Protein chains: 2
Amino acid sequence: MRSDSRLSRMLHALIHMDRLQGAATSELLAGMLNTNPVVVRRTMAGLRDQGLVRSEKGHGGGWVLARPLDGISLLDIYRALGEPHLFAIGLSADNPDCLVEQAVNQSLGDALAEARSALLTRLGQVTLGDLARQFDAKLRACQAHLPPHLGDG
Amino acid sequence: MRSDSRLSRMLHALIHMDRLQGAATSELLAGMLNTNPVVVRRTMAGLRDQGLVRSEKGHGGGWVLARPLDGISLLDIYRALGEPHLFAIGLSADNPDCLVEQAVNQSLGDALAEARSALLTRLGQVTLGDLARQFDAKLRACQAHLPPHLGDG
DNA sequence: CATCATGTAACTTATAAAGCTTCATGAAAG
DNA sequence: CTTTCATGAAGCTTTATAAGTTACATGATG
């Protein structure tokens, strides 16, 4: 697979859920994410287990946010997904007794660990509320180009 | 595949090559890296094209460093490998017209770009000579635990 | 009880690194 | 010149994992 898009997709889904009245079904979200409802359920399951969203069965059921967007950081989502592998490059374990391999892995491992730490810190500082406000800004910028009678519905 | 170990493996191989007299065959390196000679040739090809190593055919042939270890940074190797994908997580392209997806991708993309930039900067500051000296330190630390008559062969 | 939605198991698909076989090319040794 | 040894490269198989799909069980609403 090219790369793991679960984090990106869940951020996308949660912001849409915030703008909806009522629960969002897996099928509705799957349409937004251009994927399959089962993939939505499978991915959302971790978020539910961490108390970020709730799911309801039956008529009128679906997925709802369990917290305001400002109370959810991108790091919360990453962790709820099980902290998937961040890097596509990794250390080798070809010859664990070799001191050269050990020296290489230590340096490269330190560099990767530092990059990981910096990235997770940054994900912890951004909330879904921030993303939603960026979306609002984009929407306003877009509407500014429309004829006046469409600017305020 | 779990993760791309080509960078780690090439660092490992190049340091061994520096410690050898004469050329190292793909078969010898494959033994050190616990892999196949063809994988070594395929991976080393990029380094040869960038002038980091040279290859010689026939009797006594194999791979030799084209520069001293202190003249090769980890970034040089990464680039010679074709700058493989760094991250296992990525942006989504499920619904490119969706302003929510665009906002998500911009924030997440910025965070990933910043992490990438920091990591590459760091890789550019570490040379293979630095790794070789870390190996020497490990070797000395290891020998310090041996009985005296083995300490100086 | 019929309908709708999630929960879950099990299987298939897609992708890229890694591994492997085979043969061509060319250099050194005899 | 011939043998041997090494890289070069094409082409295929293997492996690991996210993603997609099918099928059915569970449970809530009307």
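Chain letters run A, B, ... following the sequence lines, proteins first and then strands; every chain starts at 1. Hydrogens, waters and symmetry mates play no part in the numbers below; they use all other heavy atoms, side chains included. These numbers come from a predicted model, not from an experiment.
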How long is the line joining [atom1] of [X] and [atom2] of [N], in whole Å?
{"X": "Asp94(B)", "N": "dA19(D)", "atom1": "CG", "atom2": "P", "result": "9 Å"}
{"X": "Asp4(A)", "N": "dA16(C)", "atom1": "CG", "atom2": "P", "result": "15 Å"}
{"X": "Phe87(A)", "N": "dA16(D)", "atom1": "CZ", "atom2": "P", "result": "23 Å"}
{"X": "Leu81(B)", "N": "dA17(C)", "atom1": "CG", "atom2": "C1'", "result": "12 Å"}
{"X": "Leu33(A)", "N": "dA18(D)", "atom1": "CG", "atom2": "C1'", "result": "15 Å"}

Check: How is Arg54(A) classified with respect to the nucleic acid when contacts are heavy atoms under 4.0 Å: base, sugar-phosphate, or nothing?
Finding: nothing

Note to self: Considering every strand and a 4.0 Å limit on heavy-atom distances, what is the contact class for Gly62(A): base, sugar-phosphate, or nothing?
What the structure shows: sugar-phosphate

Could you tell me whether the phosphate oxygens of [N], OP1 or OP2, come under 4.0 Å of any side-chain nitrogen or oxygen in [X]?
{"X": "Arg48(B)", "N": "dG8(D)", "value": "yes"}
{"X": "Thr35(B)", "N": "dG19(C)", "value": "yes"}
{"X": "Arg6(B)", "N": "dA17(C)", "value": "yes"}
{"X": "Ser55(A)", "N": "dG7(C)", "value": "yes"}

Margin query: At less than 3.5 Å, do the side-chain atoms of Arg42(A) and the base atoms of dT21(D) form a donor-acceptor pair?
Written below: yes

Next item on the list: State plainly whether the residues Asp136(A) and Arg133(A) are in salt-bridge range, i.e. N to O under 4.0 Å.
Entry: no

Checklist line | Donor on one side chain, acceptor on other, Ser8(A) and Ser92(B), under 3.5 Å | finding: yes

Notebook entry, point to check: Any side-chain donor-acceptor pair under 3.5 Å between Asp110(A) and Ser107(A)?
Noted result: no

Item checked: Nearest-nucleotide comparison on DNA chain C, the residue closer to the 5′ end among Pro84(B) and His59(B) -> Pro84(B)

Next item on the list: Check every atom of dT7(D), dA19(D), dG19(C) against the side chain of Thr25(B) and return the nucleotide holding the closest atom.
Entry: dT7(D)

Margin query: Of the listed nucleotides (dG20(D), dG26(C), dG19(C)), which one gets closest to any side-chain atom of Lys57(B)?
Written below: dG26(C)

Item checked: Whichever of Val39(A) and Gly58(A) has its nearest DNA chain D nucleotide further upstream toward 5' -> Val39(A)

Next item on the list: Between Ser26(B) and Glu56(A), name the one whose nearest nucleotide on DNA chain D is closer to the 5' end.
Entry: Ser26(B)

